[in-house]
Chemist: 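A single structure is presented below for examination.
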2 protein chains.
Amino acid sequence: MAKKLAKSANSQKRVLDAAAKIFRDYGYAGTTMRAIADEADLQAGSIYYHYRSKDDLIGAVLDIGINAVIDTVRGAMESLPAESTGVERIETAIRAHLTAIIEIGDYTLATRRVFGQVPEAIRTKNLKLRDTYATMWREILLHAQQRGELRPDANLTLARLFILGALNWTVEWYKPGGRSIEEVAREFTAMVVSGLRDGAPAAAEPAAAPAAWPRARAGRRAL
Amino acid sequence: MAKKLAKSANSQKRVLDAAAKIFRDYGYAGTTMRAIADEADLQAGSIYYHYRSKDDLIGAVLDIGINAVIDTVRGAMESLPAESTGVERIETAIRAHLTAIIEIGDYTLATRRVFGQVPEAIRTKNLKLRDTYATMWREILLHAQQRGELRPDANLTLARLFILGALNWTVEWYKPGGRSIEEVAREFTAMVVSGLRDGAPAAAEPAAAPAAWPRARAGRRAL
DNA sequence: GAAATTTTCTAACTAGTGTTAGGTTTTCGC
DNA sequence: GCGAAAACCTAACACTAGTTAGAAAATTTC
């Protein structure tokens with residue numbers, strides 16, 4: 001009971017979701033096909049009807065993990081008005097990235113934790129997608145710097161590595177129900193752009209009208 | 001040949017180093033006692049003379065990974081003059097943290113990559129050490145804020161999570177021979193304290209005399 | 001140098017791994 | 001309702017895992 005109901009959902013996605021969750025918790029080698037099958041509510045052998053092998057499965061999970069982030073961030077950037085400032089673009093990218101990795105947290109965490117353990121072939125294929133994403137950020141930061149919004153001597157390569165490192169780490173501590181994603185994004189942008197130092201304006205306040213924000217809203221609760 | 005020579009080194013540490021390296025590359029479940037033994041140049045069964053089980057081994061690796069960071073940072077903080085500014089203390093902590101995690105990279109990476117996959121009992125034990133370290137950073141940031149060097153409205157909890165997330169991510173991309181640790185630490189401190197924004201002074205220059213910097217130097221080059 | 005102790009090796013056991021072939025059930029167009 | 005296609009299950013295969021007991025080697029002690 002309730003089994004028939006659960007099975008109704010398209011099982012390919014069920015297997016994929018289960019795989020992401022198990023990979024996230026037990027790593028690449030620690031994940032067994034039987035554990036995935038159990039989570040997806042079918043037998044181990046049946047997985048092979050949907051995926052050719054365990055490597056095929058982890059490859060799919062990895063690709064989904066990054067593509068979701070790429071698509072979300074790209075979408076958010078494209079829906080931004082053309083006259084947006086560089087800092088606005090940075091904050092939008094940060095918020096979009098956070099939204100993506102938290103909403104598909106199983107995949108992101110699986111990606112983060114498993115990537116280093118996966119066979120070489122799968123890793124290199126996935127690395128191309130990662131490069132694509134890195135380039136997006138390179139352009140976002142460079143754009144802001146060329147507009148004169150960032151220090152000319154700021155090392156954008158290091159900045160990008162720091163930002164993405166910190167952002168990706170959020171999946172390890174972020175718990176839904178606590179801080180809102182918008183609040184985290186805002187605070188993070190403030191730190192990256194203005195720093196923690198006293199005296200600097202806390203919020204980013206560029207020339208453009210702040211009414212055009214895609215999703216942000218004023219008055220978030222603390223904690 | 002050359003075997004006798006290698007064996008001369010105390011084998012307990014040899015096993016431990018090998019374990020850190022293999023755990024780092026293959027994760028918790030992916031690491032086999034035979035692979036560790038191979039790396040340490042002995043037989044799988046012989047490991048059990050030094051460690052009671054695989055879990056015992058990973059526990060030791062995890063503890064070493066964090067204790068090394070804690071000791072290095074604590075040592076650096078204690079050797080700082082009493083009149084150090086809050087920002088000086090932050091930069092020192094950042095540099096010490098970076099130095100530690102890069103110098104014992106195998107252990108740090110193993111810790112980072114394996115922690116989420118390890119049995120519950122081992123994880124909780126290790127978590128206490130992690131809490132100790134978190135508290136150290138809480139105090140460093142709070143100290144700077146109470147001295148008036150950081151914005152009063154800065155969320156120190158988020159700041160700490162961001163900083164440690166970004167710092168811990170460096171082991172994934174830092175390659176010896178490239179940038180120096182000091183350069184990375186300086187640039188990172190500048191971003192955290194002053195932000196990337198143009199107009200803000202790139203270097204931290206609080207009320208105190210800037211001559212007291214431990215190692216930092218003016219005129220940082222770009223890239 | 002013999003005895004005692006420490007350290008390592010050998011060979012095996014059990015349990016669990018990814019994967020597969022062939023049979024069963026379910027779904028669906030007609 | 002029938003037959004074909006899709007989805008799933010069962011039972012097994014070859015292999016590798018952590019671990020162990022006991023023998024062998026290396027080292028230390030006297």
Side-chain angles (χ1 to χ4, degrees), chain A residues 1-23 25-62 110 114 117-123, chain B residues 1-62 110 114 117-122:
Chain A
M1 25 237 83
K3 229 180 181 187
K4 277 281 146 60
L5 220 117
K7 291 256 190 161
S8 68
N10 137 313
S11 63
Q12 171 126 354
K13 177 164 169 47
R14 238 174 50 229
V15 169
L16 211 52
D17 286 347
K21 186 174 174 185
I22 305 293
F23 275 124
D25 286 341
Y26 300 99
Y28 174 71
T31 293
T32 70
M33 299 301 266
R34 287 166 177 86
I36 296 176
D38 215 55
E39 177 78 24
D41 196 24
L42 41 66
Q43 298 301 315
S46 308
I47 297 180
Y48 288 82
Y49 179 77
H50 300 284
Y51 295 92
R52 237 168 319 142
S53 66
K54 185 181 178 182
D55 285 1
D56 198 26
L57 239 184
I58 185 65
V61 170
L62 289 181
V114 147
Q117 306 161 16
V118 126
E120 188 68 20
I122 299 170
R123 192 161 44 217
Chain B
M1 28 233 71
K3 231 182 179 185
K4 277 281 147 61
L5 221 118
K7 291 255 192 162
S8 67
N10 136 313
S11 65
Q12 170 125 353
K13 177 162 170 49
R14 237 173 51 230
V15 169
L16 210 53
D17 286 347
K21 185 174 174 184
I22 305 293
F23 275 124
R24 152 172 80 82
D25 285 342
Y26 299 98
Y28 173 71
T31 292
T32 71
M33 300 301 267
R34 288 167 176 85
I36 296 176
D38 214 56
E39 177 78 24
D41 196 25
L42 42 65
Q43 297 301 315
S46 309
I47 297 180
Y48 288 82
Y49 179 78
H50 301 284
Y51 295 93
R52 236 168 321 142
S53 66
K54 186 182 178 182
D55 285 1
D56 198 26
L57 237 184
I58 185 65
V61 170
L62 288 182
V114 146
Q117 305 162 15
V118 126
E120 188 69 19
I122 300 170

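Only a predicted model underlies this, so the values are computations on that prediction, with no experimental measurement involved. In what follows, every chain begins at residue 1, and chains take the letters A, B, ... in the order their sequences are listed.
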Chemist: Looking only at side-chain atoms of B:M33, point me to the closest of D:dA7, D:dT19, D:dC9.
Modeler: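 Nearest to the side chain of B:M33 among the choices is D:dT19.
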
Chemist: Is the shortest heavy-atom distance from the side chain of A:Y28 to the side chain of A:D55 under 4.5 Å?
Modeler: yes

Chemist: Given D:dC8, D:dG18, C:dT8, identify the nucleotide with an atom nearest to the side chain of A:H50.
Modeler: D:dC8

Chemist: Listed by chain and number, what are the side chain to side chain contact (heavy atoms under 4.5 Å, CB included) partners of A:A35, not counting sequence neighbours?
Modeler: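 In terms of side chain to side chain contact (heavy atoms under 4.5 Å, CB included), with neighbours along the sequence ignored, A:A35 is linked to A:I22, A:T32.
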
Chemist: Just verifying a value: how many Å separate A:Q43 CD and A:M33 CE, rounded to the nearest 0.5 Å?
Modeler: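 Between atom CD of A:Q43 and atom CE of A:M33 there are 13.0 Å.
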
Chemist: Between C:dC9 and B:S46, is there an OP1 or OP2 to side-chain N/O distance shorter than 4.0 Å?
Modeler: yes

Chemist: Side chain of B:T32: nearest nucleotide among C:dT17, D:dC9, D:dA17?
Modeler: D:dA17

Chemist: If you take any heavy atom closer than 4.0 Å to DNA chain C, which residues from residues 51-61 of chain A end up in contact?
Modeler: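 Here the set is A:S53, A:K54.
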
Chemist: Expressed as a whole number of angstroms, how long is the span from B:D41:CG to D:dA26:P?
Modeler: 14 Å

Chemist: Please list, chain by chain and in numerical order, all residues satisfying side chain to side chain contact (heavy atoms under 4.5 Å, CB included) with A:A19, sequence neighbours excluded.
Modeler: A:F23, A:I36, A:L57, A:V61

Chemist: Quick one: pull up NE2 in A:H50 and CG in A:L42 and give me the separation to the nearest 0.5 Å.
Modeler: 6.5 Å

Chemist: Specify the separation, in whole Å, of atom CZ of A:R14 and atom C1' of D:dA7.
Modeler: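 Interatomic distance, CZ of A:R14 to C1' of D:dA7: 10 Å.
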
Chemist: Go through the structure and list residues passing salt bridge (charged side-chain N to carboxylate O under 4.0 Å, His left out) with A:D17, not counting sequence neighbours.
Modeler: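 Only A:K13 meet the salt bridge (charged side-chain N to carboxylate O under 4.0 Å, His left out) criterion with A:D17.
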
Chemist: Just how far, in rounded Å, is P of C:dA21 from OH of A:Y48?
Modeler: 12 Å

Chemist: Return the value, rounded to whole Å, for the distance between atom CD of A:Q43 and atom C1' of C:dT24.
Modeler: 13 Å

Chemist: With a 4.0 Å heavy-atom cut-off, tell me which residues in residues 17-29 of chain B come close to DNA chain D, sorted by residue number.
Modeler: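 Heavy-atom cutoff 4.0 Å gives no residues at all.
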
Chemist: Around atom OH of A:Y26, are there more than 12 heavy atoms from other residues, nucleotides or ligands closer than 6.0 Å?
Modeler: no

Chemist: Supply the atom-to-atom distance B:I47 CD1 to B:D56 CG, rounded to the nearest 0.5 angstrom.
Modeler: 11.5 Å

Chemist: Should the side chain of B:R34 and the base of D:dG18 be counted as holding a donor-acceptor pair, with the cut-off at 3.5 Å?
Modeler: yes

Chemist: How would you list all residue pairs meeting salt bridge (Lys or Arg N to Asp or Glu O under 4.0 Å) that involve residues 29-40 of chain A, not counting sequence neighbours?
Modeler: A:K21-A:E39

Chemist: Name the closest nucleotide to the A:Y49 side chain, picking from D:dA7, C:dT19, D:dC9.
Modeler: D:dA7

Chemist: CD1 of B:I36 versus P of D:dG18: gap in Å, rounded?
Modeler: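 Rounding to the nearest Å, CD1 of B:I36 and P of D:dG18 are 8 Å apart.
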
